[in-house]
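Reading through the structure tokens given below for one structure.
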Amino acid sequence: MQLANLKKSNIFKLLVVAAIALSFNMLYYLNKGNLSRLVVNAEEGAITEEFDRSYEKVNDIDSNDLSADEVEELKTYVKLAPKVIVADANEDLPDGEIPGGDTLDLSEEVDASVGSTIGKKLIKKFGKKFVTKKLPRIIYGKLPKAVIKKITLKKFEKAWNDLFLGSVAGIVSEQAYNYMVKNHVPKWAAKSAAAVLYGVIWYYLN
């Protein structure tokens, strides 16, 4: 009787071990395809956290005479803002339509000329609703408050659809800067916002 109970106990233990092993094996294969996505999510989380910190500092700037620290914060903001905007915007795109590249590294010298307007290229690739409605709203929400104070969302959307999308990549940054300065945005904020806008457009054009 004792021998029978011992055998039953050992069999039960073996079954438990096998079940645990099978569970881990199944989890491995279920998660294997999502591993790269988990890594990307972790990277995006770190970028978002750093962006939020930088964005808060940029929004505290209240003078045209920038300190060395403020200049560095602006550089960080301009580098990270396009990445955060793109990550948010891509949630509205099907997986098959999300570009595989990165936002433009503004430290690199590139040929930014394109054969047709930005609007025609983007709408053809991503659809009118995404390009003319969703994307400008997401961009606007990440612009410095110094820009938002002078330009309403409605005015920005109009400029986006009438001016920026009707332009070509090689000159859109300059057009955006001139538009913002014309609307009394401080030059430091206009320059930073124009660079962010350019970085986002570059990502979706490529």
Show your reasoning for whether side chain to side chain contact (heavy atoms under 4.5 Å, CB included) applies to Y55 and V84.
-> CA-CA 11 Å; Y55 187 54; V84 173; over 6 Å; no

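Annotation: side-chain contact (heavy atoms from CB on, under 4.5 Å) contacts of K128 (sequence neighbours excluded): I123, T132.
Side-chain atoms of F126 and L135, non-hydrogen and from C-beta on, never get closer than 4.5 Å to each other. Contact annotation: the side chain of E174 approaches that of N178 to within less than 4.5 Å [non-hydrogen atoms, C-beta and beyond]. The closest side-chain heavy-atom distance from L165 to T117 is not below 4.5 Å. Counting heavy atoms from C-beta on, the side chains of R53 and E73 come closer than 4.5 Å.
Here the closest non-hydrogen pair linking V185 and A146 is CG1-O, 4.2 Å. In this structure, A169 and L205 approach most closely via the heavy-atom pair CB-CD1, 3.7 Å. Considering all non-hydrogen atoms of both residues, L143 and Y77 come closest at CA-OH, 3.4 Å. Nearest heavy atom pair, residue K79 against residue K83, reads O-CE, 3.8 Å. Minimum heavy-atom separation, S173 to A194: O-CB, 3.4 Å.
Sorted by first and then second residue, the pairs that involve residues 139-157 and meet side-chain hydrogen bond (donor to acceptor under 3.5 Å, both in side chains), not counting sequence neighbours, are R137-E157, K155-N183.
Within 6.0 Å of the NZ atom in K125, the count of heavy atoms belonging to other residues, nucleotides or ligands exceeds 12.
With hydrophobic clusters built from ILVMFWY side chains whose heavy atoms lie under 4.5 angstrom apart, I148 does not share a cluster with V181. Hydrophobic clustering keeps Y177 apart from V147 (ILVMFWY residues linked when any side-chain heavy atoms are closer than 4.5 Å, directly or through intermediates).
Distance check: K121 NZ to I201 CD1 gives 13.0 Å after rounding to the nearest 0.5 Å. Rounding to the nearest 0.5 angstrom, the gap separating the CD atom in E72 from the NZ atom in K57 is 13.5 Å. For the atom pair CD1 of I85 and CG of N90, the computed distance is 11.5 Å after rounding to the nearest 0.5 Å. In this structure, K158 NZ and L163 CG are separated by 10.0 Å, a value rounded to the nearest 0.5 Å. Between the NZ atom of K133 and the CG atom of D92 there is a distance of 13.5 Å, given to the nearest 0.5 Å. In this structure, CZ in F156 is found 5.0 Å from CG in L197, a value given to the nearest 0.5 Å.
Between W160 and F164, the angle of the ring planes goes over 60°, which puts this pair in the perpendicular group of the 30/60° scheme.
The closest donor-acceptor contact from the side chain of S192 to the backbone of W188 lies under 3.5 Å.
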Run the side-chain donor-acceptor check on residues 61-69: report pairs under 3.5 Å with partners two or more places apart or on a different chain.
unit_1 : atom_1 : unit_2 : atom_2 : d
S63    : OG     : D65    : N      : 3.0
S67    : OG     : E70    : N      : 3.2

